[in-house]
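Residues take their numbers from the sequence shown, with the count starting at 1.
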Amino acid sequence: MQQKTDMYFSFFMFGSNFSIEDGEFLDQAIVHMRHLVSMGYCGFEFHPGREQTTSYKYPTYEDELKAYQAFRKRMDEKGFSHIKVATNVGATPDCDPSSSCKAIREAGIAYLKSRVDITKALGGEIMMGPMVIPYGGFVVKAPNGEEVWSDGLQDELAKRYDTAKESFEILGQYAQSQGVKLAIEPISHWETPGPNKLAQLMSFLDGIENPTVGVVLDSAQEILDGDGPTVYAEQIKAIAGQGRLHYAQASPPDRGDLVNCWLPWEDIFTPILTHFDGPIAVEIFNAVGGFDHGLRLSRRKYWIPEVDKPNEYPNAYEVAQQAHNYTLERLTRIKCKLDAM
């Protein structure tokens with residue numbers, strides 16, 4: 001009998017940060033989970049970023065960790081003890097494991113370790129995201145702040161990657177001790193300086209022995225910056241062979257509606273499902289928080305029930321339900337073809 005794919009849902013539909021310091025947000029999160037679980041989702045992606053409001057309420061990582069432990073306890077008490085959680089985490093300019101500045105680099109290692117602790121506290125086994133180079137941290141040169149591109153950018157990143165490898169040897173050992181896998185995400189050049197391509201990430205991982213440090217494959221990013229279906233299939237096979245394919249996301253190039261988008265489902269997910277039986281997350285970015293400007297979202301917001309005033313446009317729950325049903329249908333169809341081979 002064919003095993004059903006575990007489907008997770010990203011809380012990027014509801015905010016650009018999981019606001020652990022905001023009681024109203026947490027109340028809404030419980031409501032959202034109840035609706036999403038009824039749709040068939042069995043796990044969620046949270047983004048435990050450390051915003052200024054978070055650090056103000058929880059001055060230390062230990063304080064913040066206790067808040068996440070309390071929220072997981074609340075989840076369990078509300079009937080969600082069976083629900084799994086993955087985290088989406090990015091390095092920051094002040095906490096950068098690739099920095100040539102020792103203090104910033106050590107702050108980056110400490111920050112990412114604290115996110116591993118939060119992932120574990122939430123009952124999670126996967127921490128994914130742009131952890132090597134700060135998300136959106138495009139390289140500039142002094143004194144005029146002009147952005148560096150092309151050869152100059154790649155030369156600079158090569159130095160940063162060498163530095164980050166040492167950081168991720170430490171982080172990989174720590175994450176392994178906590179039962180958490182680190183899944184690094186290659187992200188399009190439209191959003192961040194690197195790594196943009198799966199090939200670049202694979203080159204980075206070649207210098208890290210511990211397979212705890214691995215890969216998340218996001219369909220949107222692969223469409224935008226990938227090397228094409230033939231090379232991609234070989235890349236996924238190689239990554240899986242190393243035990244580094246930790247997680248995958250179904251996300252459309254415009255980060256919106258999965259049902260009506262240009263996504264080559266078979267080319268993207270056949271190689272994944274050939275080698276991977278773990279969870280696949282639906283990742284949809286709503287026009288909330290910092291996403292409007294950061295991702296240049298020109299489409300309308302999917303209004304959020306019990307938060308926004310209803311209107312005639314699709315709401316977040318409708319989009320989530322359609323995405324679940326359609327994604328599961330497409331993945332099941334691919335699995336059936338693989339079983340018949």
Side-chain angles (χ1 to χ4, degrees), residues 5 10 88 128-133 135-136 138 149-155 157-158 161 183-208 211 213-285 295-296 323 326-327 329-341:
T5 301
S10 171
N88 190 323
M128 52 76 59
M131 294 178 271
V132 179
I133 306 292
Y135 178 82
F138 291 102
W149 296 102
S150 191
D151 292 351
L153 173 60
Q154 294 307 316
D155 291 344
L157 288 177
Y161 291 147
I184 299 170
E185 181 178 9
I187 291 183
S188 163
H189 67 284
W190 292 104
E191 296 181 41
T192 206
N196 307 130
K197 302 172 75 66
L198 191 49
Q200 293 168 343
L201 178 55
M202 291 173 70
S203 178
F204 173 76
L205 292 174
D206 279 344
I208 300 172
V213 185
V215 175
V216 54
L217 197 288
D218 181 333
S219 60
Q221 309 296 357
E222 186 61 25
I223 292 167
L224 292 171
D225 272 35
D227 290 315
T230 302
V231 173
Y232 165 76
E234 291 301 315
Q235 290 171 330
I236 293 296
K237 181 180 179 180
I239 292 166
Q242 297 171 4
R244 294 186 190 269
L245 182 57
H246 295 331
Y247 194 55
Q249 295 170 315
S251 185
D254 76 339
R255 307 309 192 84
D257 178 13
L258 260 171
V259 178
N260 300 298
C261 73
W262 191 270
L263 177 59
W265 287 89
E266 294 203 5
D267 283 341
I268 292 290
F269 287 102
T270 298
I272 291 174
L273 295 177
T274 300
H275 304 285
F276 177 73
D277 61 1
I280 292 179
V282 167
E283 185 182 49
I284 293 173
F285 288 72
L295 295 177
R296 290 168 173 76
Y326 188 71
T327 300
E329 174 193 339
R330 296 303 300 256
L331 297 180
T332 301
R333 195 183 306 171
I334 292 168
K335 280 188 171 183
C336 287
K337 287 186 177 181
L338 289 172
D339 289 345
M341 292 175 65

[X] versus [Y], closest heavy-atom pair with distance:
X: V259; Y: D257; answer: N-OD1, 3.0 Å
X: I272; Y: A248; answer: CD1-CB, 4.1 Å
X: S219; Y: I268; answer: CB-CG2, 3.8 Å
X: G256; Y: I284; answer: O-CG1, 3.3 Å
X: P186; Y: V216; answer: CD-O, 3.6 Å
X: P253; Y: I223; answer: CG-CD1, 3.9 Å

Close side-chain approach of [X] to [Y], heavy-atom, < 4.5 Å:
X: L217; Y: F276; answer: no
X: P130; Y: N88; answer: yes
X: P252; Y: L263; answer: no
X: I239; Y: L198; answer: yes
X: T332; Y: T5; answer: no

Where the side chain of [X] meets the backbone of [Y], is there a donor-acceptor pair that is under 3.5 Å apart?
X: Q221; Y: S188; answer: yes
X: S251; Y: E283; answer: yes
X: D225; Y: H189; answer: yes

Using side chain to side chain donor-acceptor pair (under 3.5 Å) as the criterion, list what pairs up with [X], not counting sequence neighbours.
X: S10; answer: none
X: E266; answer: K337
X: Q200; answer: none
X: Q242; answer: R244

Pairs touching residues 230-240 that satisfy salt bridge (charged side-chain N to carboxylate O under 4.0 Å, His left out), sequence neighbours left out
none

Nearest 0.5 Å please: distance from the [atom1] atom of [X] over to the [atom2] atom of [Y].
X: L157; Y: I133; atom1: CG; atom2: CD1; result: 5.5 Å
X: I280; Y: Q249; atom1: CD1; atom2: CD; result: 10.5 Å
X: E222; Y: F269; atom1: CD; atom2: CZ; result: 10.5 Å

[X]: side-chain contact (heavy atoms from CB on, under 4.5 Å) partners, not counting sequence neighbours:
X: T274; answer: T270, L338
X: T192; answer: Y135, I187, N196
X: A233; answer: P271

Non-neighbouring partners of Y326 that pass ring-ring contact (aromatic ring centres under 6.0 Å, His included), sequence neighbours left out
W265

Partner set under ring-ring contact (aromatic ring centres under 6.0 Å, His included) for W149, not counting sequence neighbours:
F138

Would you find more than 12 non-hydrogen atoms of other residues, nucleotides or ligands less than 6.0 Å from D206 atom CG?
yes

Taken in chain and number order and not counting sequence neighbours, the residues that satisfy salt bridge (Lys or Arg N to Asp or Glu O under 4.0 Å) with D227 are K197

Taking only residues at least two apart or on different chains, which pairs with a member in residues 213-248 satisfy ring pair (Phe, Tyr, Trp, His ring centres under 6.0 Å)?
none

